[in-house]
Structure formats: structure tokens, C-alpha cells
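Just so you know, these numbers come straight off a predicted model, no measurement behind them.
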Amino acid sequence: MLAKSELEFYETNGYILLKDIFTEDEILECSQNYNELFQLKTEQECQMEATWAGSWKDSYKTNSQKVLSVLSIHNLQLHGAIFTKFLLNEKLLDAVAEVVKSPNILLHHTKAHIKPPDTGAPFPTHQDYPYFPFRDHSMVAVFIHLDDSNIENGGLSVFPGSHKLGSLPNASDNDSHFYVDQKEFSLEKGIPVIGQKGDVLIFSYFLVHGSYPNVSKNPRRMLLFQMMAAEDEPIKDVHVSPCQGMVLRGKNRKADANLRKRHM
């Protein structure tokens, strides 16, 4: 169970950093599978480049001629059993259940990002809400650190309390991405999340967050799961991913049992 002070911190700030959710052996096993997966998809020449489009990049221009990059693989549970094992981790689901205030937890989607050394691209500050809005706003991100994370290697920058602002104006000039005003919410104005390998950051989809470029000599790897309460409902039919709605804990009383829709 989360301590009262931890729940109060989440309510006030919109995020919480947790330790000891996964064991060292679990993180090691996941890291090995993660590395093998990215190596395999690189050899298969899969399109994994995930640097965001938009004029936000103008704020991060430097004199360097380096091409910045971040690689991403979605729907991890379709690639390896270890990722499903992580989704069903009891300690993790204990914490998520308390944060979303429901014993019934559903999967929305999963993904992994790896920022290469020296050329890892930043992510502009944004909210996750515009990508998949829900009625009760129970949606949370579960960010699992597979490496120590800091400003130098492309860690997260968050704006404590910004989840209380609700949906903020979209400052993007690109239809495929949403982000907030990059001057008002610059990465430098945020609070860096200094995480250690294995740490788990849970945050509201209203929290303004972004991530720094990786200028270190090592890659920065992470997993991200989006989860929500089973009682919640999407406002729009968007961002539909494989296994979305999978029950991770408890029950989903709204799941359709119509035989005619069994293949839909």
C-alpha cells in the first residue's frame, strides 16, 4: 500500500516516484529482452524513428550538425512475455489501483523509447490527454526506468501541480502531435525527475511533462504503460491499440459479450 503521504504527494503534484516495485532480477531480465527486441527490429529494418514533428524544434536548435533521434516500439506485450509479466506485476497494480481509486484496472497501450547516446532527441512539453481523452480522467502513465535517468541522459522534466490546470491549449503546428506553449512550459522551467534503474514514475495524463536531449555517452531506455480505471470511458474513439481494454486487475463489467461482435 502507498503511504498517506505518498497519496497526498500525488494529489498535490500529479506524479509519484516509487522504488522497489520490481526486483533487480526482473529489471535485468526485462533489459535483456528489451535490448534483443530493439536489435532484432533494427536488423529487420523496421521504422522506429519517433522524434516529434513541429516547430517546437526551433527552441532546441544548436550549432551541432548531429541528427537527433529517439526509437520507439509500441504494443510490447505482442513482442515478448516479459512485458506482459511486467503489466501484471502485483506491486505495480497495487499502486495504480490506489492512484486511480479503483480496484479494476484496464490496459490502454504500451511502448518503449530508447534515446541513443549523444544524439537522443528531446520531447517537447505536453499533456497526454489530447491523444486519448477519457470522461473521468483516470488515465495514468507508468514510466519504468531501465537506466538511471537525469538531465544529461534525456530524463523527464515535469511541472508539479499542472495536472490541476485541466486541458491546456494546443500550441502545435503539426496535426500529428500535441504540445503546450514551449516558452511558458520550457524544459528548463520544469523539475527534473532523477530516477534510478528500476524506479517507477506514475503520473496523470494531465501532467505537463517532456524530456531532455540525451547528451551522455550511454543510451537511455524506458518502458511506458498507460492504464485506466475500468469504470472510465473514452470521450473519443481514438488511439485504439492491440489489447486495449485488457483487464489487468479486477473486472470490467462493461465488456461486451455479444457473440456477433466476438471478432470485432
Side-chain angles (χ1 to χ4, degrees), residues 1-7 9-10 13 15-42 48 50 70-100 105 107-118 120 123 140-158 191-203 207 209 211-212 214-227 243 246 248-249:
M1 291 181 58
L2 296 179
K4 180 181 178 182
S5 59
E6 291 177 314
L7 288 171
F9 184 93
Y10 179 86
N13 297 284
Y15 69 95
I16 184 169
L17 185 65
L18 302 174
K19 296 182 177 296
D20 301 323
I21 297 293
F22 298 101
T23 66
E24 291 185 11
D25 287 343
E26 286 173 327
I27 292 297
L28 176 59
E29 181 185 3
C30 185
S31 293
Q32 291 172 339
N33 279 265
Y34 185 105
N35 293 343
E36 291 171 2
L37 175 59
F38 271 94
Q39 180 62 38
L40 174 63
K41 297 310 168 184
T42 298
M48 296 183 288
V70 57
L71 301 180
S72 181
I73 297 176
H74 284 233
N75 310 315
L76 300 169
Q77 69 280 3
L78 302 184
H79 293 278
I82 184 62
F83 305 115
T84 303
K85 180 180 177 181
F86 267 47
L87 279 171
L88 297 174
N89 180 278
E90 289 296 327
K91 287 185 179 180
L92 176 61
L93 295 176
D94 285 345
V96 172
E98 291 194 77
V99 168
V100 305
I105 304 169
L107 173 66
H108 191 267
H109 71 276
T110 67
K111 60 185 174 183
H113 286 160
I114 182 168
K115 291 189 177 186
D118 196 41
F123 275 91
V140 294
V142 175
F143 184 109
I144 303 170
H145 295 77
L146 294 185
D147 297 299
D148 292 349
S149 179
N150 51 54
I151 295 176
E152 184 183 23
N153 73 351
L156 286 178
S157 171
V158 299
I191 302 298
V193 176
I194 308 301
Q196 295 181 316
K197 181 188 298 185
D199 287 355
V200 175
L201 184 76
I202 300 176
F203 60 91
L207 182 75
H209 63 286
S211 64
Y212 305 97
N214 183 3
V215 296
S216 76
K217 300 305 179 183
N218 298 299
R220 193 224 66 183
R221 304 165 303 156
M222 55 78 81
L223 300 175
L224 191 138
F225 304 153
Q226 294 276 0
M227 303 177 181
C243 303
M246 174 184 174
L248 303 177
R249 170 171 287 188

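Between Lys115 and Phe123, the closest side-chain pair of non-hydrogen atoms falls below 4.5 Å. Under the 4.5 Å side-chain criterion, counting only non-hydrogen atoms from C-beta, Leu223 is in contact with Leu76. Side chains of Val96 and Ile202 form a contact here, defined as non-hydrogen atoms less than 4.5 Å apart. Between Met48 and Lys41 the shortest side-chain heavy-atom distance falls below 4.5 Å. Annotation: side chain of Met227 is in contact with side chain of Leu248 (closest heavy-atom distance under 4.5 Å). The side-chain heavy atoms of Met222 and Ile144, taken from C-beta on, include no pair separated by under 4.5 Å. Two residues are said to be in side-chain contact when any heavy atoms from C-beta on lie closer than 4.5 Å; Ser157 and Pro192 fail this criterion. Annotation: side chain of Leu37 is not in contact with side chain of Asn33 (no heavy-atom distance under 4.5 Å).
Taking 4.0 Å as the cut-off between side-chain N and carboxylate O, Arg221 and Asp147 count as a salt-bridged pair. Salt bridge status for Asp148 with Arg220: absent, with no side-chain N to carboxylate O gap under 4.0 Å. Using a cutoff of 4.0 Å between basic side-chain nitrogens and carboxylate oxygens, Glu29 and Lys85 are scored as salt-bridged.
Of all non-hydrogen atoms in Leu146 and Lys197, the two that sit nearest each other are O-CG, 3.5 Å. What you find for Val140 and Val99 is that their closest heavy atoms are CG1-CG1, 3.9 Å. The two residues Met1 and Glu98 make their nearest non-hydrogen contact at CA-OE2, 3.1 Å. What you find for Leu93 and Leu87 is that their closest heavy atoms are CD2-O, 3.6 Å. Scanning all heavy atoms of the two residues, the minimum distance from Pro116 to Ile114 falls at CD-O, 3.6 Å. Of all heavy-atom pairs between Tyr15 and Phe203, the closest is CB-CB, 3.6 Å.
Note that the OG atom of Ser72 and the NE2 atom of His113 stand 3.5 Å from one another [nearest 0.5 Å]. Taking CD1 of Ile16 as the start and CG of Leu7 as the end, the distance is 6.5 Å to the nearest 0.5 Å.
At least one donor-acceptor pair closer than 3.5 Å links the side chain of Asn89 to the backbone N or O of Leu92. The backbone N or O of Phe9 sits less than 3.5 Å from a side-chain atom of Asn13, completing a donor-acceptor pair. Judged by distance alone, the side chain of His209 and the main-chain N or O of Leu207 form a donor-acceptor pair under 3.5 Å.
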Stepwise salt bridge (charged side-chain N to carboxylate O under 4.0 Å, His left out) test for Lys91 and Asp20: CA-CA 9 Å; Lys91 287 185 179 180; Asp20 301 323; over 6 Å; no

Verdict with reasoning, Thr110 to Gln77, per side chain to side chain donor-acceptor pair (under 3.5 Å): CA-CA 8 Å; Thr110 67; Gln77 69 280 3; 2.7 Å; yes

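Atom NZ of Lys4 has 12 or fewer neighbouring heavy atoms from other residues, nucleotides or ligands inside a 6.0 Å radius.
Aromatic rings from His108 and Phe225 are positioned such that their centres are separated by 6.0 Å or more.
When only modelled atom types and interatomic distance are considered, Ser216 and Glu152 share no side-chain donor-acceptor pair under 3.5 Å.
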